[in-house]
Amino acid sequence: QVQLVESGGDLVQAGGSLRLSCAASGSVFRSVAVAWYRQAPGQQRELVARITVGGRTNYADSVMGRFTISRDNAKNTVYLQMNSLKPEDTAVYYCNTQPGISWGQGTQVTVSS
């Protein structure tokens with residue numbers, strides 16, 4: 001069974017940057033779109049960014065121009081570069097394929113004001 005492992009979350013001040021990584025245990029990323037999601041306390045999980053097999057990207061309006069999703073198929077890894085972080089970006093961040101598989105543990109991002 002393919003497993004997803006997110007990493008790179010941390011506590012950072014507003015205006016700072018983080019780079020999240022999502023690694024898959026198999027080569028599943030090579031043939032599917034991959035997306036980053038986030039879930040803040042008491043809120044539903046929301047789509048943050050998505051990248052297709054061909055590299056086309058989509059972003060939620062709230063992160064447009066600040067976040068960048070990228071993929072390295074050779075390393076079975078997808079990244080989320082997050083710049084100009086805001087307190088409202090605080091959440092647990094998850095990655096998943098589209099269509100989805102089992103969720104990983106996520107990685108906590110906390111942005112202090």
Side-chain angles (χ1 to χ4, degrees):
Q1 184 177 359
V2 176
Q3 291 185 321
L4 301 172
V5 179
E6 302 92 345
S7 63
D10 205 346
L11 170 63
V12 64
Q13 289 188 333
S17 298
L18 285 174
R19 188 195 195 202
L20 306 184
S21 297
C22 170
S25 58
S27 58
V28 63
F29 283 171
R30 297 183 181 184
S31 58
V32 294
V34 182
W36 280 97
Y37 301 81
R38 66 186 181 188
Q39 186 168 21
Q43 298 187 22
Q44 290 188 333
R45 193 170 297 179
E46 63 172 351
L47 178 68
V48 174
R50 175 180 181 270
I51 186 166
T52 67
V53 173
R56 188 169 67 245
T57 58
N58 300 95
Y59 298 93
D61 289 344
S62 59
V63 306
M64 184 79 71
R66 300 188 298 122
F67 290 11
T68 303
I69 187 172
S70 61
R71 63 192 299 160
D72 186 336
N73 289 337
K75 295 183 178 180
N76 298 318
T77 303
V78 174
Y79 304 98
L80 185 67
Q81 177 67 42
M82 306 188 296
N83 299 328
S84 302
L85 283 162
K86 304 176 181 180
E88 50 263 45
D89 294 319
T90 295
V92 179
Y93 284 70
Y94 303 86
C95 65
N96 210 330
T97 57
Q98 291 189 333
I101 59 176
S102 297
W103 293 95
Q105 294 296 313
T107 186
Q108 176 71 48
V109 172
T110 303
V111 185
S112 63
S113 57

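Atom-to-atom distance recorded for Leu47:CG and Tyr59:OH is 11.5 Å, nearest 0.5 angstrom. Separating the CG atom in Leu20 from the CZ atom in Phe67 is a distance of 8.0 Å, to the nearest 0.5 Å. To the nearest 0.5 Å, atoms OG (Ser113) and NZ (Lys86) are separated by 14.0 Å. Taking CD1 of Ile69 as the start and SG of Cys95 as the end, the distance is 9.0 Å to the nearest 0.5 Å. Taken from CD in Gln108 to OG1 in Thr90, the straight-line distance is 7.5 Å, to the nearest 0.5 Å. Rounding to the nearest 0.5 Å places OG1 of Thr52 at 8.0 Å from CG of Asn58.
Asn83 is linked by a side chain to side chain donor-acceptor pair (under 3.5 Å) to Ser17, Gln81, counting only residues two or more places apart in sequence or in another chain. Not counting sequence neighbours, the partners of Tyr37 by the ring pair (Phe, Tyr, Trp, His ring centres under 6.0 Å) test are Trp103. Applying the side chain to side chain donor-acceptor pair (under 3.5 Å) criterion to Ser112, with sequence neighbours excluded, gives no partner residue.
Taking 4.5 Å as the limit, some side-chain heavy atom of Trp36 sits within range of a side-chain heavy atom of Val78.
Follow the hydrophobic side-chain contacts under 4.5 Å out from Val5 and you never reach Tyr94; the two are in separate clusters. Note on Tyr79 and Val53: separate hydrophobic clusters, where clusters join Ile, Leu, Val, Met, Phe, Trp and Tyr whose side-chain heavy atoms are under 4.5 Å apart, directly or indirectly. Under the 4.5 Å side-chain heavy-atom criterion for ILVMFWY residues, a single connected hydrophobic cluster contains both Val34 and Val2. In the hydrophobic clustering of ILVMFWY residues, with side-chain heavy atoms under 4.5 Å counting as a link, Met64 and Met82 come out together.
The two residues Val48 and Val63 have their closest heavy-atom pair at O-CG2, 3.6 Å. When all heavy atoms of Leu85 and Arg66 are compared, the pair lying nearest together is CA-NH1, 3.8 Å. The minimum heavy-atom distance between Ser62 and Arg38, with the atom names listed, is OG-NH2, 3.4 Å. Closest approach of Ser102 and Leu4 over heavy atoms only: O-CD1, 3.8 Å. Looking at every heavy atom in both residues, Gly106 comes nearest to Val92 through CA-CG1, 3.9 Å. In plain terms, the two heavy atoms of Ser21 and Thr77 that are nearest each other are CB-CG2, 4.3 Å.
Under the 3.5 Å distance criterion, the side-chain polar atoms of Arg71 are left unmatched by any main-chain donor or acceptor of Ala33. In terms of modelled atom types and a separation under 3.5 Å, the side chain of Asn96 and the main chain of Ile101 share a donor-acceptor contact. Remark: side-chain polar atoms of Glu6 are not paired, donor with acceptor, to backbone N or O of Tyr93 under 3.5 angstrom.
The local environment of CD in Gln105 is sparse, with at most 12 non-hydrogen atoms from other residues, nucleotides or ligands closer than 6.0 Å.
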